[in-house]
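Each chain gets a letter, A, B and so on, in the order the sequences are listed, and its residues count up from 1.
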Amino acid sequence: MKYYKFEPEKPGQCEVRLFASETIYREIEQDSLQQLFNARELPGVLGVVGLPDIHLGYGLPIGGVMVCDVDKGVISPGAVGFDINCGVRLLSSNLEVEHIKEKTEELSQVMKQDIPAGVGSESRQSFSRKEFSKIVEQGLPYTVSELNYGTEEDIQNCEENGHIPGADFSKVSAKAYDRGKTQLGTLGGGNHFVEIQKIDQIYDSENEHIKDINPGNAAFMIHTGSRGFGHQIAQDYIDRAKNKIQSYAFDLPGKNLASFPFSSKEGQNYFRAMACAANFAFANRQLLTEQLRRTVQRIFPEARLNLVYDLTHNIAKKETHVISGSPREVLVHRKGATRLAKNGLALIPGSMGTGSFLVTSLNSEATVLSFESVAHGAGRTMGRREAKRTITDQQHRDSIRGIKVVSGSNSSLLDESPLAYKNVDTVIESLQKTELARPLLRLKPLAVLKG
DNA sequence: ATGTTC
C-alpha cells in the first residue's frame, strides 16, 4: 500500500499517515506536516491522517484527521475549525445543458437576486427563537418534516441524515444566537458558492449510485457552512480551551490545538454546541437547496433537482472504526477532510474555474487506515493575502474564461482564483494512487454564484 | 471561514 508512514517517536504515540502522491508530497510545506505531528502529542490520540489537499490550517492542517479515544482523549475546537460543518452538496437535474445553455446567463442573474450571498448576507425568511432552537438541535428531520423544506429523500441523502445527535442549544452563547438568527438560508463568502455544472464525464456507468445521472445534464453544487453562528461558537470555545489549558494535565502542542478532555464538562459542552452549529449548517444547505429549486423553476418550470449527496468536511463526530484490528467508538475530528458516505460516495469540489468530482471508495486497507476519509477539495497553494497580492486581474480573468461568475459582494475574488489552488486532477490522482477513491463523475462549471 | 485585522 502506498502512503507515507511516520513512526511513533515516543511509547504510546500513534503513527502519522499521509496519503499523497510523490508529486504532492514534495510540495507540502513543513509547517503543515508539523501540525500533524503536534496533533499526536495530545492525550488519547489514536490516529492522525493527512490527505492530498493538505495545507496549513489553524491548529490542525486543512486536509487533516485526528482520531481520539472517547474516554481518555480530547476534543479540540481548533481541530474542527471556525466554519463548523462547512460542507458540499450535489444536486442532479433533469435539465439538458444543450437545452438551457443560452439561458445560463439569465439563470445566474436570477440566482444572484434570489440567494443571499457575501459576508454579512441575511436570510429572506425569519424563524422564531423556538424554531431556531429546534433547527439547531434536530437538524434536517425538523427542518424538512416539520417546517416543510424539502423531501424525505433529501434527509436520506445527507451525512448522518442531517442530524448530529447531542446538540444542546443551552450550550450556545447569546452572541452566537444573535449572529446566527438572521443567517439561515444564506451562502456567505470566501470559498462558498452555488455552481451550475455539466455532467462532463462518466467514468463508470455501471455504478448503481449514478444510474439515474445522464451525461450532458446540468447539476448544481452548493458549498457553505454555519456562517457567523458556527464561527462564534468556535471562537467562544477556542477562547475557553486556551484559558482552561493550564488546569488540565497536558501540555499544549501548538497553541491553536487547545483542547478539552472529551469526557470533561467543558468538552461535552463544546461537543453539544458544535453539534448545534453542525445542524445549523445542514439546515442552511437545505434552505438554500429549496430556494435554488424555486429559482431554477422560475426559468425552467419543468426542472427537478435531486440531492445526490450532502457531506461535511469540518466536524468532530463519534464514529466506529477499526483500531489495531478491532472496531470501537472513537471521536473523529476532520478539518478539510470528508468521510466517505455509507454508499461509498464523496464529493471533491475544485476551485471556481476547474472541474469537480464525484468519487467512490476503493474499500481498501487504506480506507480503514484513513478512517474512511478522503480529501475535501483541491486545497490551497496560496493563502488569501498572498493570492490578492500576487495574482493580477488579467491572470485571474484568463484562468476562469468561459465561466460566468456572479458575486454577492464587491470583493475582488482574487483569493478564490484557481491560481490560488492546486489542480484538482492531481488530488484525484493522489486518491487513486493511495487506494482511497476513484472518480465516477467529472462536473464542469458553467456558471457560479460566489459569496 | 468571519458583523473580512472583535
Inset, instruction - Report the residues that fulfil side chain to side chain donor-acceptor pair (under 3.5 Å) with A:Glu153, sequence neighbours left out, ordered by chain and then residue number. - result: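 So A:Glu153 forms no side chain to side chain donor-acceptor pair (under 3.5 Å) with any residue.
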Inset, instruction - Can you sort out the partners of A:Arg442 under side chain to side chain donor-acceptor pair (under 3.5 Å), two or more places apart, ordered by chain and number? - result: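 Side chain to side chain donor-acceptor pair (under 3.5 Å) list for A:Arg442, sorted by chain: A:Asp425.
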Kindly write out the residues that satisfy side-chain contact (heavy atoms from CB on, under 4.5 Å) with [X], not counting sequence neighbours, or none if the list is empty.
X: A:Thr224; answer: A:Leu187, A:His192, A:Ile222, A:Arg227, A:Asn284, A:Arg285, A:Leu288
X: A:Lys265; answer: A:Asn269
X: A:Arg384; answer: A:Arg380, A:Asp415, A:Glu416
X: A:Arg129; answer: A:Phe169, A:Tyr177

Inset, instruction - Would you indicate what A:Lys335 reaches in the nucleic acid, counting non-hydrogen atoms under 4.0 angstrom: base, sugar-phosphate, or nothing? - result: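 Nothing: the residue A:Lys335, judged by heavy atoms under 4.0 Å, touches no strand.
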Inset, instruction - Give A:Glu416 one of three labels, base, sugar-phosphate or nothing, depending on what nucleic acid heavy atoms sit under 4.0 Å from its own. - result: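 Counting heavy atoms under 4.0 Å across all strands, the contact made by A:Glu416 is with sugar-phosphate only.
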Between atom [atom1] in [X] and atom [atom2] in [N], what is the gap in whole Å?
X: A:Phe82; N: B:dT5; atom1: CZ; atom2: P; answer: 12 Å
X: A:Asp236; N: B:dA1; atom1: CG; atom2: P; answer: 21 Å
X: A:Phe280; N: B:dA1; atom1: CZ; atom2: P; answer: 16 Å
X: A:Lys450; N: B:dA1; atom1: NZ; atom2: P; answer: 7 Å
X: A:Asn284; N: B:dA1; atom1: CG; atom2: C1'; answer: 13 Å
X: A:Gln232; N: B:dA1; atom1: CD; atom2: P; answer: 18 Å
X: A:Glu122; N: B:dT2; atom1: CD; atom2: P; answer: 14 Å
X: A:Ile233; N: B:dC6; atom1: CD1; atom2: P; answer: 21 Å

Inset, instruction - Would you mind checking if A:Glu146 and A:Lys134 are paired as a salt bridge, meaning a charged N to carboxylate O distance below 4.0 Å? - result: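 No salt bridge links A:Lys134 with A:Glu146.
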Legend entry - Shortest side-chain distance from A:Val119, nucleotide among B:dA1, B:dT4, B:dC6: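 My answer, after comparing the listed nucleotides, is B:dT4.
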Inset, instruction - Please list, chain by chain and in numerical order, all residues satisfying salt bridge (Lys or Arg N to Asp or Glu O under 4.0 Å) with A:Arg26, sequence neighbours excluded. - result: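 A:Arg26 satisfies salt bridge (Lys or Arg N to Asp or Glu O under 4.0 Å) with A:Glu22 only.
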Scan [range] against DNA chain B and write down, sorted by residue number, each residue with any heavy atom closer than 4.0 Å; if none is found, say none.
range: residues 382-391 of chain A; result: A:Arg384, A:Arg385
range: residues 180-188 of chain A; result: A:Gln183, A:Gly188
range: residues 221-231 of chain A; result: A:Arg227, A:Gly228, A:His231

Legend entry - Pair listing, side chain to side chain donor-acceptor pair (under 3.5 Å) test, anchored in residues 350-360 of chain A, at least two apart: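 Applying side chain to side chain donor-acceptor pair (under 3.5 Å) to every pair that reaches into residues 350-360 of chain A, excluding sequence neighbours, yields A:Ser351-A:Thr354.
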Legend entry - Short side-chain to backbone donor-acceptor contact, A:His396 and A:Ser417, under 3.5 Å: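 Between the backbone of A:Ser417 and the side chain of A:His396 there is no qualifying donor-acceptor contact (under 3.5 Å).
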Legend entry - A:Thr392 side chain to A:Gln395 backbone, donor-acceptor under 3.5 Å: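 Yes, A:Thr392 side chain to A:Gln395 backbone: donor-acceptor pair under 3.5 Å.
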Inset, instruction - Could you tell me whether the phosphate oxygens of B:dA1, OP1 or OP2, come under 4.0 Å of any side-chain nitrogen or oxygen in A:Asn314? - result: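 For B:dA1, OP1/OP2 do not have a side-chain N/O of A:Asn314 under 4.0 Å.
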Just distance, no hydrogens or angles: give the donor-acceptor pairs under 3.5 Å from side chains in residues 110-120 of chain A, sequence neighbours left out.
from: A:Asp114; atom 1: OD1; to: A:Arg298; atom 2: NH1; distance (Å): 2.6
from: A:Asp114; atom 1: OD2; to: A:Thr295; atom 2: OG1; distance (Å): 2.7
from: A:Asp114; atom 1: OD2; to: A:Arg298; atom 2: NH1; distance (Å): 2.8

